Student: 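Have a look at the structure that comes next, please.
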Amino acid sequence: MKFHSLDTETTGLPDDPYARVIEIGITTWDSEMSDVDKMTSRFSSIVRPSVLTQKGLEIAWSISKINKEQIESAPSADQVWSLLQSYLDTLPYPVIAWNMPFDRYMIRRSFMGVDEVKSSDKKNFGLLEVLDIEGDPIQWWDCACKAYAKYRNTEKLTGLNHAYRVVCAEEDIVPNPQIHRAMSDSAMVGWIVCHVLNNGMS
């Protein structure tokens, strides 16, 4: 199966109305390739958001080590959205993300000006919600975290880094050291999804 794995880095969580995407990474995969590296292409960009607060800058640095200069010199959200749409139109495959509702919320807010987070008391920020994705410009496929839990026959949701280390152990490969950035996180998700697809996920 051919698919995209997507991840974003942001300046906060959806309950912060000023939080925006500051980096997006997409890795494209063919799970049927025999090579260990099933990634076929990639797209990534730092994003200059329409709103950038001091709190957001501090979060960006503490979590992703993306600094103010990198953000302010990056392409605008409109420019990145155009490039992203062109990439996905050229390779029209379904898109998966570890916490798909979170990435979808933040993409729609940051690039489309649609803010669907109505309550500040949501603690899971949509992870367990069923979203109406019909008509969305991105062809969302699934929440990888929930798909991985289903594959493991459990309702317990696990973290991305833990799932990645487990899959690497089962594939008998040494995990690559990862930093918390959109491209490396999307690559971990893609590798996990390939493993699950090849071992029983429908």
Side-chain angles (χ1 to χ4, degrees), residues 4-27 42-85 87-88 95-133 136-138 140 143-146 157-164 177-190 192:
H4 301 293
S5 170
L6 180 149
D7 188 76
T8 60
E9 299 301 326
T10 68
T11 57
L13 298 174
D15 64 333
D16 176 358
Y18 301 111
R20 295 292 188 276
V21 172
I22 51 161
E23 185 178 44
I24 189 163
I26 299 176
T27 49
R42 63 183 72 191
F43 167 87
S44 69
S45 180
I46 295 179
V47 182
R48 175 165 41 86
S50 59
V51 178
L52 186 60
T53 65
Q54 183 60 38
K55 176 184 174 183
L57 284 169
E58 291 169 3
I59 291 171
W61 178 252
S62 66
I63 294 177
S64 307
K65 295 298 182 277
I66 299 173
N67 63 37
K68 180 180 180 181
E69 290 71 26
Q70 290 173 295
I71 296 171
E72 291 183 340
S73 64
S76 70
D78 286 345
Q79 291 171 313
V80 175
W81 181 238
S82 178
L83 293 170
L84 172 64
Q85 288 183 304
Y87 183 88
L88 295 177
V95 179
I96 196 166
W98 190 249
N99 182 352
M100 187 271 280
F102 172 84
D103 289 300
R104 180 179 182 270
Y105 276 137
M106 296 307 295
I107 285 172
R108 288 171 68 82
R109 175 190 286 176
S110 302
F111 298 114
M112 301 170 61
V114 178
D115 195 342
E116 297 163 312
V117 180
K118 303 300 183 185
S119 172
S120 62
D121 62 359
K122 289 185 178 179
K123 299 304 180 187
N124 65 351
F125 306 117
L127 178 60
L128 302 179
E129 292 182 11
V130 177
L131 298 177
D132 178 10
I133 59 176
D136 197 290
I138 292 180
W140 294 106
C143 175
C145 182
K146 290 194 292 184
L157 302 178
T158 187
L160 173 57
N161 282 285
H162 174 75
Y164 174 68
Q178 301 289 345
I179 58 171
H180 187 59
R181 293 289 295 268
M183 180 58 70
S184 57
D185 284 1
S186 73
M188 285 194 289
V189 173
I192 292 167

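None of these values were measured; they are calculated from a predicted model. In what follows, every heavy atom counts, from backbone to side chain, and hydrogens, waters and symmetry copies are set aside.
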Student: Rounded to the nearest 0.5 Å, what's the gap from OG on Ser45 to CG on Leu83? Could you check?
Tutor: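 Result: 7.0 Å between the selected atoms.
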Student: Is it true that Phe43 and His4 have ring centroids separated by less than 6.0 Å?
Tutor: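 No, too far apart.
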Student: Between Asp103 and Ala97, what is the shortest heavy-atom contact and its length?
Tutor: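 For Asp103 versus Ala97, the nearest heavy atoms are OD2-CB, 3.4 Å.
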Student: When you compare the side chain of Pro49 with that of Ile22, does any pair of heavy atoms fall below 4.5 Å?
Tutor: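 When only atoms from C-beta onward are counted, Pro49 and Ile22 do touch, with a gap below 4.5 Å.
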Student: At their closest point, which heavy atom of Ile46 faces which heavy atom of Pro75, and how far apart are they?
Tutor: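 That closest heavy-atom pairing would be O-CD, 3.5 Å.
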Student: Other residues, nucleotides and ligands only: do more than 12 of their heavy atoms fall within 6.0 Å of NZ on Lys65?
Tutor: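 Buried by this count: over 12 neighbours within 6.0 Å.
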Student: Has the side chain of Ser64 got a donor or acceptor atom that lies under 3.5 Å from a matching backbone atom of Ile66?
Tutor: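 No.
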Student: Might you work through the side chain to side chain contact (heavy atoms under 4.5 Å, CB included) test for Met100 and Val95, ending with a clear yes or no?
Tutor: CA-CA 9 Å; Met100 187 271 280; Val95 179; over 6 Å; no
Student: Nearest 0.5 Å please: distance from the CE atom of Met106 over to the OG1 atom of Thr10.
Tutor: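 Met106 atom CE to Thr10 atom OG1 measures 4.5 Å (nearest 0.5 Å).
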Student: Once you round to the nearest 0.5 Å, how far does CZ of Arg109 lie from OH of Tyr18?
Tutor: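 Rounded to the nearest 0.5 Å, the CZ-OH separation comes to 11.0 Å.
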Student: May I ask you to say whether Arg181 pairs ionically with Glu23, meaning some side-chain N is under 4.0 Å from a carboxylate O?
Tutor: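 Result for this pair is yes, salt bridge flagged.
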Student: Evaluate the ring planes of Trp81 and Phe111, with Trp represented by its six-membered ring, and classify them as parallel (under 30°), tilted (30 to 60°) or perpendicular (over 60°).
Tutor: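 Parallel: the ring planes of Trp81 and Phe111 meet at under 30°.
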Student: Do side-chain atoms of Ser184 reach the backbone of His180 as a donor and acceptor pair under 3.5 angstrom?
Tutor: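 No; zero donor-acceptor contacts below 3.5 Å.
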Student: When you measure from the side chain of Thr11 to the backbone of Arg20, do you find a donor-acceptor pair of N or O atoms at a distance under 3.5 Å?
Tutor: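 The answer is yes, because a donor-acceptor pair under 3.5 Å joins these two groups.
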Student: Which heavy-atom pair separates Gly12 from Phe102 by the least distance, and what is that distance?
Tutor: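 It is O-CZ, 4.2 Å.
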Student: Search all heavy atoms of Val21 against all heavy atoms of Ser110 and return the closest pair with its distance.
Tutor: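 Closest pair (atom of Val21, atom of Ser110, distance): N-OG, 2.8 Å.
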Student: Do Asp7 and Ile24 touch side chain to side chain, with heavy atoms closer than 4.5 Å?
Tutor: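 SC-SC contact between Asp7 and Ile24 ruled out.
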Student: Do Asp185 and Trp98 have side-chain heavy atoms sitting under 4.5 Å apart?
Tutor: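 Sidechains of Trp98 and Asp185: no contact.
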Student: Would you check if the side chain of Ser186 reaches a backbone N or O of Met183 as a donor-acceptor pair within less than 3.5 Å?
Tutor: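 Looks like yes, one N/O pair under 3.5 Å.
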Student: Could you go through Lys55 and Asp16, starting from their C-alpha distance and side-chain angles, then the distance that decides it, and tell me whether this counts as side chain to side chain contact (heavy atoms under 4.5 Å, CB included)?
Tutor: CA-CA 10 Å; Lys55 176 184 174 183; Asp16 176 358; 4.0 Å; yes
Student: Could you tell me the separation between the OG1 atom of Thr27 and the CE atom of Met188, rounded to the nearest 0.5 Å?
Tutor: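 It comes to 10.5 Å.
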Student: Please report the closest heavy-atom contact between Thr158 and Cys145, naming both atoms and the distance.
Tutor: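 The answer is O-SG, 3.6 Å.
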Student: Just wondering, do Asp136 and Trp140 contact through their side chains at under 4.5 Å, heavy atoms?
Tutor: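 They are in side-chain contact.
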Student: Are the side chain of Ser62 and the backbone of Ile59 linked by a donor-acceptor contact shorter than 3.5 Å?
Tutor: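 Yes, the answer is positive, given that a donor and an acceptor are paired below the 3.5 Å cut-off.
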Student: Could you tell me whether the side chain of Glu72 and the main chain of Glu69 form a donor-acceptor pair under 3.5 Å?
Tutor: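 Judged by distance alone, no pair lies under 3.5 Å.
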Student: Any chance CZ of Arg42 has more than 12 other-residue heavy atoms, nucleotides or ligands included, within less than 6.0 Å?
Tutor: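 Result for CZ/Arg42: open.
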Student: Closest approach of Gln85 and Pro137, non-hydrogen atoms and distance?
Tutor: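 Shortest heavy-atom separation between Gln85 and Pro137 comes out as NE2-CB, 4.3 Å.
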